[in-house]
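Each remark here refers to the structure printed beneath this line.
Predicted, not measured: the structure shown is a model, and the values here were computed from it. Residue numbering restarts at 1 for every chain, and letters A, B, ... go by the order of the sequence lines.
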2 protein chains.
Amino acid sequence: MSGAQPTLDDVAREASVSRSTASRAINGGERVSPEAQAAVDDAVARLGYSPNRAARSLVTRRTDSIALVVPEPDTLVLTDPFLTGVIRGVSDGLVGADLQLVLLLNRVDEGPGRLARYLASGHVDGAIVASHHRRDQLESALARAQLPAVFVGRPFGDATHHYVDVDNVAGARLATQRLIDSGRRRIGTITGPLDMPAGIDRLQGWRDTLREHGLRDDAVVECDFTASGGAAAASRLLDAHPDLDGIFAASDLMAEGVLRTLHSRGARVPDDVALVGFDDLGIAQHTSPRLTTVHNPVIRTTMAATAALLALLAGAPVPTTPQIFTPTLIEGESA
Amino acid sequence: MSGAQPTLDDVAREASVSRSTASRAINGGERVSPEAQAAVDDAVARLGYSPNRAARSLVTRRTDSIALVVPEPDTLVLTDPFLTGVIRGVSDGLVGADLQLVLLLNRVDEGPGRLARYLASGHVDGAIVASHHRRDQLESALARAQLPAVFVGRPFGDATHHYVDVDNVAGARLATQRLIDSGRRRIGTITGPLDMPAGIDRLQGWRDTLREHGLRDDAVVECDFTASGGAAAASRLLDAHPDLDGIFAASDLMAEGVLRTLHSRGARVPDDVALVGFDDLGIAQHTSPRLTTVHNPVIRTTMAATAALLALLAGAPVPTTPQIFTPTLIEGESA
DNA sequence: TTGTAAGCGTTATCAT
DNA sequence: ATGATAACGCTTACAA
């Protein structure tokens, strides 16, 4: 009933070795005799010892924690299953790593200063950045702080940052091609935020595909990855281009909104207007009709980002060429 | 371009005061002359000084971090918008508190040991527990560790734990009453996991209301708060009780699944079967028909939990009577 | 292989 | 109000 945590000295005493030997035994056991190792292991178990992170950090100059940064200025996007997938992926990628996962969310309507300052202050050893926007200044902040970081999704700047991504252009091509294959010739798109690489790239893939087929690429409405945004955007898109027979929504959440708008206008899906989404993070199977979409391997992507960060932290040579995952088309009933 | 973080000594030197004075000035400024205070503030700003958390922790014996614990054994529930709301609420509740938010997720198929050990090891000053299950042993672990903690949702054990909750019984009564008011007399329910208080209480509220009206309360299928689970549960429920004219689903995610099953069976909603859900976390507005549901103020609840934890950490007297929020009925088109 | 000893950057105690 | 000085618990030369 001592209440107080046992210290390394307690362990050393219990194991009848010096504090340094105990320390060595606990940290991998270099230059420790089998007997000493066993005695220390025993003492640790008996005492329920757990190293004091603060003391360790103070001398190792590492914090043994990494930040998951979500610099999302828009509250709504947190409803996005994407974030949940990212959290799950990072968490899973950390198994056995004994690193704390510190969550760094932007407060609503807050500038980029706080996050940048925090990251520059040496409170974490590294960072994974998700939902990165052009104006969030995270790239420069991370570079200045020289903090090991991996972006989930291609960053904007020069090629100095590590990142992992899904091939959004290819995914959008898949979606658009699917619409063309089902006979559509007048295809519009509802984009993600165009200050995010995912938004930009998916628009690009849509445009490239249409042009290659000699089709018009002027039916575009910028949106925000939310369902209600998607519904509103669909109204504007259909008002401006009543002849549309296909729509590519750059996220399933937006596609859900599009579906509502189409229903309320009495347009049949896919008979009147075919629809393809993007993400496949649980929404697509629950819409009616089920959404044809592009599978975005978020968890795999994020686990890869975590692995890359761990490698960086371990000082391993990490290739600067990013890891890019290939999305696949998921057939539904909407196209 | 020194790269290294400035230390308190640097600040003291820059401000021409002793290290102790600098420290006092930085920590609230007790017994510091205005001149000294100004000089230190200046130096801090010029140097971009940020205290070394590890060194501070070592002496204060606080870690300045709290854990958000999600001991969810079931991967799927992480798709639940509930978790997103919790994260947002805790994060928002932490504004200005200068506390790190450490995310502690259960790994899939993992026992409760790791989380309990972590919490007992003094790595965090306190914890907020969400998505608590009966067998996750968190209550005893937290009690043993004497770690300040606040549960989001009533815990199982005796009244020793602090918690914040929504009145799930009242919410379920609201939902059930709504079905009765619309003329339904044969009402079933699809429950949440019955090893979770939210699952238990919502079942209770449904049952109480039916009994008070002299209606049968035997049409029950236990489920898991997921959409696909809800769809399957609805099939079983309707097979066993073909005469049902109303269903209370204990979460919107499950209600979404129920809706699919009803559609596929050609049952009209609400004409043939009326449906009320629970949560109103963004799903309800996107179904067709829009779901009638019970608003669960997750963000407010979670912010209150965070505030309570902060008070506990500050040593403030926190009443042991829990804060209970009242849910409200949200009209949709499904009942 | 082991132990001794010197810090890591901060707060807290206690004179002044 | 201020400034020495002693912890806090750990890792890591360096010596043995």
**OP:** Report the residues that fulfil side chain to side chain donor-acceptor pair (under 3.5 Å) with Ser65(A), sequence neighbours left out, ordered by chain and then residue number.
**Re:** Thr63(A)

Subject >> For Thr321(B), side chain to side chain donor-acceptor pair (under 3.5 Å) partners two or more places apart >> reply: none

Original post:
Between Glu14(B) and Arg46(B), is the closest basic N to carboxylate O distance under 4.0 Å?
Top reply: yes

Subject >> Charged N-O contact under 4.0 Å between Asp9(A) and Arg13(A) >> reply: no

Look for any protein N or O under 3.5 Å of an N or O in nucleotides 5-9 of chain C and output each such pair with its distance, or none.
{"residue": "dC8(C)", "atom": "O3'", "partner": "Arg61(A)", "partner atom": "NH2", "Å": "2.9"}
{"residue": "dG9(C)", "atom": "OP1", "partner": "Arg61(A)", "partner atom": "NH2", "Å": "2.4"}
{"residue": "dG9(C)", "atom": "N2", "partner": "Ala55(B)", "partner atom": "O", "Å": "3.3"}

Round to the nearest Å and state the distance from [X] atom [atom1] to [N] atom [atom2].
{"X": "Asn27(B)", "N": "dT10(C)", "atom1": "CG", "atom2": "C1'", "result": "9 Å"}
{"X": "Gln37(A)", "N": "dT2(C)", "atom1": "CD", "atom2": "P", "result": "10 Å"}
{"X": "Arg53(B)", "N": "dT11(C)", "atom1": "CZ", "atom2": "C1'", "result": "16 Å"}
{"X": "Arg62(A)", "N": "dG9(D)", "atom1": "CZ", "atom2": "P", "result": "20 Å"}
{"X": "Ile26(B)", "N": "dA12(C)", "atom1": "CD1", "atom2": "P", "result": "13 Å"}

**OP:** Kindly compute the distance separating NE2 (His161(A)) from CZ (Phe156(A)), expressed to the nearest 0.5 Å.
**Re:** 12.5 Å

Using a cut-off of strictly less than 4.0 Å, decide whether [X] has a side-chain nitrogen or oxygen near OP1 or OP2 of [N].
{"X": "Ser18(B)", "N": "dT2(D)", "result": "no"}
{"X": "Ser23(A)", "N": "dT11(D)", "result": "yes"}
{"X": "Ser57(B)", "N": "dC8(D)", "result": "no"}
{"X": "Thr21(A)", "N": "dG3(C)", "result": "yes"}

Given side chains that start at C-beta, do those of [X] and [Y] come closer than 4.5 Å, heavy atoms only?
{"X": "Val318(B)", "Y": "His162(B)", "answer": "yes"}
{"X": "Leu104(B)", "Y": "Leu101(A)", "answer": "no"}
{"X": "Thr7(B)", "Y": "Asp10(B)", "answer": "yes"}
{"X": "Ser18(B)", "Y": "Thr21(B)", "answer": "yes"}

Original post:
Angle, rounded to 10°, between the helical axes spanning five pairs at each terminus of the helix from dT1(C)-dA16(D) to dT16(C)-dA1(D)?
Top reply: 30°

Enumerate all atom pairs, one protein N or O and one N or O from nucleotides 14-16 of chain D, separated by less than 3.5 Å.
none

**OP:** Only counting residues at least two apart or in another chain, list the ones meeting ring-ring contact (aromatic ring centres under 6.0 Å, His included) with Tyr118(B).
**Re:** His123(B)

**OP:** Of all the heavy-atom pairs spanning Ala25(B) and Gln37(B), show the shortest one and how long it is.
**Re:** O-NE2, 3.2 Å

